[in-house]
Amino acid sequence: MPGRSFFGLNPQPLCRKIRAMQTFENISTKVHDGRRISAEEALFLFGSNDLLAIGELAALVNERKNGRNVFFNVNRHINPTNICVNRCAFCAFSRTAGEDGAYTLALNEICRRAEEAQTEGATEVHIVGGLHPDLAFEFYEEALDAIRRIAPALHIKAFTAVEIEYFSRISGLSIEAVFTRLIAAGLGSMPGGGAEILVEDVRQKICPEKISGARWLEIIRLAHLAGLKTNATMLYGHLEEARDRVAHMELLRDLQDETSGFQAFIPLAFQPENSDLKLDIKGTSGLDDLKTLAISRIFLDNFDHIKAYWVMLGEKIAQVSLAFGVNDLDGTVVEEKIGHEAGAATPQSLTKEGIIRLIAKADKLPVERDTLYRPLRSF
Ligand code: V47
Ligand code: SF4
């Protein structure tokens with residue numbers, strides 16, 4: 001009879017434990033054979049707290065793809081404006097025009113920062129910002145063109161799919177035409193922001209004004225068709241559930257099967273301070289961070305790179321993640337606003353030497369890369 005005690009043993013938890021062991025064995029066999037795991041299996045892994053077993057599988061997947069190499073790049077973030085018409089509930093960075101702390105950088109200040117980055121050895125500028133109600137599309141076009149002239153050695157990685165869609169709306173241009181114009185002005189690739197959680201009911205709660213998940217995917221598809229590589233992020237640790245994370249990653253995996261345009265997947269740990277999402281949480285746990293990175297490494301078999309963004313994770317968890325399937329550590333950054341406005345306790349920047357030390361102390365080989373993952377130097 002189900003659940004009845006037999007010689008003092010309760011058979012139900014025992015059966016569950018055996019079933020769980022069998023499921024893990026099946027997943028492990030698939031991963032060892034180089035086969036893809038299903039969404040259900042990824043969800044099972046989220047339900048398990050056997051972090052070391054999950055990490056071992058992720059490390060195996062990563063080892064096959066990247067050996068002991070861990071990539072990093074020397075970059076600088078520039079956020080041209082924090083004024084944004086969307087005001088997503090989780091975002092502590094954005095302001096309404098006229099509000100305390102609202103800012104917009106002048107073109108020459110954007111150029112000064114880019115030039116300084118180039119002088120200091122950066123190979124990339126990472127440019128994202130708010131959806132400004134008054135700046136014209138031409139401002140962004142001019143900014144790229146000016147950066148290209150003043151700092152020609154820099155790769156310009158700029159604008160989320162959310163910004164691209166906004167540019168199309170304010171300019172009356174099609175998405176394709178926006179890409180053509182920005183590429184002509186110097187755009188080299190796109191970061192992975194704005195994805196948040198692509199599942200619509202969660203998205204409606206955390207960023208109701210933002211373009212839908214389906215539209216985000218469509219714009220990224222068009223970016224890939226236009227020849228731009230992009231990243232993909234996932235904002236986790238707020239009110240989403242494990243099944244939302246898996247559904248999010250499955251949408252990305254499907255698109256990657258179609259376009260091969262994604263370079264890296266970057267889980268972003270939610271920083272709860274100063275956000276309008278009134279959740280009774282203090283931020284993600286180290287266990288959840290490592291599990292999420294490891295499961296993404298196992299599940300996203302068609303992504304070459306899983307990136308740990310140390311700004312949100314903290315340097316120590318980012319370092320430990322290198323044993324849990326991660327092969328990319330972002331970056332020198334220099335000035336970070338999005339996470340720090342939301343309470344991130346990390347420094348504003350890491351030196352190149354600091355990143356090399358983090359990687360080497362994790363018994364990995366530091367490889368400086370360019371934005372398109374071409375190795376520049378090993379250390
Ligand atoms: O889309 C906003 C996230 C993203 C918070 O592609 C928050 O190489 C945590 O996308 N807590 C922008 N996250 C940053 C981003 C990114 C960062 C580093 C590298 C790359 C890349 C991309 O930041 C937003 C949003 O998902 N974000 N607020 C917060 N409170
Ligand atoms: Fe604006 Fe992006 Fe912040 Fe949303 S996350 S409010 S779109 S800057």
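All figures in this text were calculated on a predicted structure; none of them were measured in a lab. Counting starts at 1 for both ligands and their atoms, following the listed order. Hydrogens, waters and symmetry mates are skipped; everything else that's a heavy atom, side chains included, is used.
For His224 and Phe262, the ring centers sit closer than 6.0 Å to each other. Phe137 has its ring centre no less than 6.0 Å from the ring centre of Tyr166.
The environment of Gln118 atom CD is dense: over 12 non-hydrogen atoms of other residues, nucleotides or ligands sit within 6.0 angstrom. Heavy-atom contacts from other residues, nucleotides or ligands closer than 6.0 Å to CZ of Arg64 number more than 12. For Arg221, the CZ atom sits in a packed shell: over 12 heavy atoms of surrounding residues, nucleotides or ligands are nearer than 6.0 Å.
In summary, the atoms of ligand 1 found under 4.0 Å from a heavy atom of Ala269, numbered by their order in the structure, are 9 (C), 11 (N). Taking every heavy atom of Ile266 and a limit of under 4.0 angstrom, the matching atoms of ligand 1 come to 6 (O), 8 (O), 20 (C), 21 (C). The contact set between ligand 2 and Arg87, taken as ligand atoms under 4.0 Å from a residue heavy atom, comprises 6 (S). Of all the atoms in ligand 2, the ones that sit under 4.0 Å from a non-hydrogen atom of Cys91 are 3 (Fe), 5 (S), 6 (S).
Judged by the 6.0 Å distance and 45° axis criteria, Arg369 is positioned over the aromatic ring of Tyr373. Within the cation-pi definition used here (under 6.0 Å to the ring centroid, within 45° of the axis), Lys337 qualifies as a partner of Tyr103.
Going from atom CG of Asn73 over to atom CG of Leu372 covers 10.5 Å, rounded to the nearest 0.5 Å. Going from atom CG of Leu313 over to atom CD1 of Ile266 covers 11.0 Å, rounded to the nearest 0.5 Å.
The proximity of Phe93 to ligand 1, defined as any non-hydrogen pair under 4.0 Å, does not occur for either the backbone or the side chain. Residue Cys88 touches ligand 2 through backbone and side chain together, judged by heavy-atom distances below 4.0 Å. Only the side chain of Lys210 comes within contact range of ligand 2, with a heavy atom under 4.0 Å; no backbone atom does.
In this structure, atom 7 (C) of ligand 1 lies nearest to the protein heavy atom Leu235 CD1, 3.7 Å. The nearest heavy-atom contact from the protein to atom 19 (C) of ligand 1 is Asp330 OD2, 3.2 Å. If you check which protein heavy atom lies closest to atom 27 (N) of ligand 1, you get Ile338 CG2, 3.6 Å. Nearest protein heavy-atom contact of atom 6 (O) of ligand 1 is Gly192 N, 2.8 Å. The single protein non-hydrogen atom nearest to atom 30 (N) of ligand 1 is Gln271 O, 3.0 Å, given as residue, atom name and distance. For atom 10 (O) of ligand 1, the nearest protein heavy atom (residue, atom name, distance) is Gly193 CA, 3.0 Å. Closest to atom 16 (C) of ligand 1, if we only count protein heavy atoms, is His126 CE1, 4.0 Å.
Residue contact check for ligand 1: Glu273 places no non-hydrogen atom closer than 4.0 Å to it. Residue-ligand proximity: Glu341 is placed with every non-hydrogen atom at 4.0 Å or more from ligand 1.
For ligand 1, none of its N or O atoms has an N or O atom of Tyr309 under 3.5 Å away.
In terms of modelled atom types and a separation under 3.5 Å, the side chain of His248 and the main chain of Thr233 share a donor-acceptor contact.
Checking Lys210, Glu196, His238, Lys157 against atom 25 (C) of ligand 1, the nearest heavy atom belongs to Glu196.
Taking backbone and side-chain atoms together, Cys84 has an N/O/S atom less than 2.8 Å away from atom 1 (Fe) of ligand 2.
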